[in-house]
Amino acid sequence: MAKRTEIKNLLAAPKVGEKYLVKGWVRAFRSNRFIALNDGSGANNLQIVVDTDNTAEELLKQISFHACVSIEGTLVESQGAGQAVELLAEKIEILGANNLEEYPLQPKKQTMEYLREKAHFRMRTNTFSSVFRIRHGLSYAVHKYYNDKGYYYLHSPIITGSDAEGAGEMFRVTTLDVDKPPRTEEGAVDFGQDFFGKSTNLTVSGQLQGEIAALALGKVYTFGPTFRAENSNTSRHLAEFWMIEPEVAFNDIVDNMDLAEDFVKYLINYILENYPDDLKFLDGRIQDLEKNMKKEERREMGLIDTLKFVIENDFERITYTDAINLLRSSKPYKKGKFKYEIEWGKDLQAEHERWLVEKKFKKPVIVVDYPKDIKAFYMRENEDEKTVAAMDVLFPGIGEVIGGSQREERLDKLKKRIKEMDIHEEELSWYLDLRKFGGCPHAGFGLGFERMVLFITGMSNIRDVIPFPRTPGNADF
RNA sequence: GCCUCAAUAGCUCAGUUGGUUAGAGCAACGGACUGUUAAUCCGUAGGUCCAAGGUUCGAGUCCUUGUUGAGGCGCCA
């Protein structure tokens, strides 16, 4: 009797007539009689019926929004329509009273921007608790997918001494006194005296280390925090985000695309199967939001229908060259609606990607074989000597979710590329060694974890799918 | 980094052509309520109109600069 039952478990197998002890936070207290109690175990609340006549007034007053309570009682079939069972309270204890005069949250709809400022309380809302339960489910599914397929989880370093990862601006890691750092004779900051005896940064990618592991363990993946000091002000970018990077020996670009598609579909399916209540809540939330919008601004499908559609249909696969040709014969191109030029050799702009995904194919699209001059040095050159075996997976509403490639395993080609792109070869000697000594074809990609959470939860800003977002000018909590 | 828009009560917003005492809904607080599901009903209180400067007899309203936020773009995942 004294043992607490979690609400999710109680609701999954309710025993009418049994006594239960539950603990949680008051989501609503209606009619001085009904508590909607949630303990975080799931999206659904347990309705508690309070015996108003036999409960002290002082105690009743403390049962307020987001107060923490412990309740013992008997489970009965509900007389109300909103739930099958409810708990008749026999003993109520206030574990943590709330002071509503000062509490910033209210039992009503609040904007995401406001809740973002109250990140220490926002997880108590229906929306954020669902988002973060799904985020957990997704990260578990990532490990399950790879473990079941025989991949090894590689812990790539967070602090890196390599500045040749080539994925963006880096955050410096140093213990030097920033006011008066030691100087060399030439006047430059002397990082030889820094903690690691050299200049170090936070990682922007675990890919190069992933390649080291793949050439020994065969199939590996990394899943860890990644840092980019880019001044990116969008709803799809974070300065600190989590990235999943599989790297597989003997895979070519087609195997790589197959893996990416299978992996993403697995993740979506896992959440559909294991988090139906949270998805249902988020789906309803979006429909609610869109009620007041014009028809053309609404999504064509609900959240759950969209997710099902994605896993039931093949992703469209198209070469960069074909994509350019398609775009050049598109209606918006002929009408001059695109802001940016469409020309072979230039990168596809967001407006072009959106047309391909949302208008032309209406499903995820994998674009492959990009011009080599707009891609990274390590991507494998194709036979045409103009393109590389690079791929981007584009999702509706979000854009690039995955970027990957087959890696250049031919030493001479790789060296030539490094020289052409003006990268210091000494920095990468260990990377070149992988080609010199027992190398092999291999491929991999990076999946932006938060972008996946964004797609699956239907949230619109990436800052609302990571507990404590770090963006330019913002590192609170 | 660039472009656009916004900032008024705890929250979400309205505020006419520059004009007297800045409004509403919700939340809070006080009260009522034994079947609620965004509970409902009655009442009370709540304002440095983002900041600084300027124009004007007079600025929430117009101008300049700044700050913060949102959306879009670029960079990418």
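Please read these numbers as outputs of a predicted model, since none were measured by experiment. First the proteins, then the strands, lettered A, B, ... as listed; each starts at 1.
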Legend entry - Heavy-atom donor-acceptor pair, A:Q83 side-chain to B:U36 base, under 3.5 Å: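 Answer is yes: a donor-acceptor pair is held.
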Legend entry - A:Q110 (side chain) and B:U12 (base): donor-acceptor pair under 3.5 Å: no
Taking atom [atom1] in both [N] and [M], what distance in whole Å separates the two?
N: B:G60; M: B:A9; atom1: C1'; value: 14 Å
N: B:G31; M: B:A14; atom1: C1'; value: 30 Å
N: B:G10; M: B:A45; atom1: C1'; value: 13 Å
N: B:U67; M: B:G74; atom1: P; value: 25 Å

Inset, instruction - Both distances under 3.5 Å, Watson-Crick or G-U wobble: on that basis, could you give the dot-bracket string for RNA chain B, with [ ] for crossing pairs and | for other-strand partners? - result: (((((((..((((.....[...)))).(((((.......))))).....(((((..]....))))))))))))....
Could you tell me the separation between the [atom1] atom of [X] and the [atom2] atom of [N], rounded to a whole number of Å?
X: A:N461; N: B:A70; atom1: CG; atom2: P; answer: 6 Å
X: A:Y340; N: B:C75; atom1: OH; atom2: C1'; answer: 11 Å
X: A:Y370; N: B:A77; atom1: OH; atom2: P; answer: 11 Å
X: A:F29; N: B:A28; atom1: CZ; atom2: P; answer: 13 Å
X: A:E102; N: B:A27; atom1: CD; atom2: P; answer: 19 Å
X: A:I35; N: B:A39; atom1: CD1; atom2: P; answer: 14 Å
X: A:Y103; N: B:G10; atom1: OH; atom2: C1'; answer: 13 Å

Please determine if a side-chain N or O atom of [X] lies less than 4.0 Å away from the OP1 or OP2 oxygen of [N].
X: A:S31; N: B:A39; answer: no
X: A:Q349; N: B:G74; answer: yes
X: A:R27; N: B:U37; answer: no
X: A:R33; N: B:A32; answer: no
X: A:N233; N: B:G74; answer: no
X: A:R30; N: B:U36; answer: no
X: A:R463; N: B:A70; answer: yes
X: A:R354; N: B:C73; answer: yes

Which nucleotide in the set [options] lies at the smallest distance from any side-chain heavy atom of [X]?
X: A:E86; options: B:C33, B:U12, B:G35; answer: B:G35
X: A:H237; options: B:C75, B:G72, B:A70; answer: B:C75
X: A:F34; options: B:G72, B:G35, B:C11; answer: B:G35
X: A:E113; options: B:C75, B:C11, B:A70; answer: B:A70
X: A:P107; options: B:G35, B:A27, B:C75; answer: B:A27

Reckon [X] touches a base, only the sugar-phosphate, or nothing at all at heavy-atom distances under 4.0 Å?
X: A:F449; value: nothing
X: A:L105; value: nothing
X: A:S232; value: base
X: A:T226; value: nothing
X: A:A350; value: sugar-phosphate
X: A:G80; value: base

Legend entry - First of A:P104 and A:S235 reached from the 5' end of RNA chain B, by closest nucleotide: A:P104
Inset, instruction - State whether the aromatic ring of A:F241 stacks on the base of B:A77, taking stacking to mean ring centres under 5.5 Å apart and ring planes under 30° to each other. - result: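 Whether judged by distance or by angle, A:F241 passes, so it stacks on the base of B:A77.
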Inset, instruction - Would you mind telling me which of A:F223, A:W242, A:F241, A:F455 makes a ring pair (Phe, Tyr, Trp, His ring centres under 6.0 Å) with A:F449? - result: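 By the ring pair (Phe, Tyr, Trp, His ring centres under 6.0 Å) criterion, A:F449 pairs with just one of A:F223, A:W242, A:F241, A:F455: A:F223.
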Inset, instruction - Return yes if some donor-acceptor pair links the side-chain N/O of A:D283 with the main-chain N/O of A:I304 below 3.5 Å, else return no. - result: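 Judged by distance alone, yes, a pair lies under 3.5 Å.
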Legend entry - Separation between CG of A:L238 and CZ of A:R236, rounded to the nearest 0.5 Å: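 The CG atom of A:L238 sits 11.5 Å away from the CZ atom of A:R236.
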Legend entry - Close aromatic pair by centroid cut-off 6.0 Å: A:Y333 and A:W355: no
Legend entry - A:K109: partners by salt bridge (charged side-chain N to carboxylate O under 4.0 Å, His left out), with sequence neighbours left out: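 Scan of A:K109 (salt bridge (charged side-chain N to carboxylate O under 4.0 Å, His left out), adjacent residues dropped) gives A:D288.
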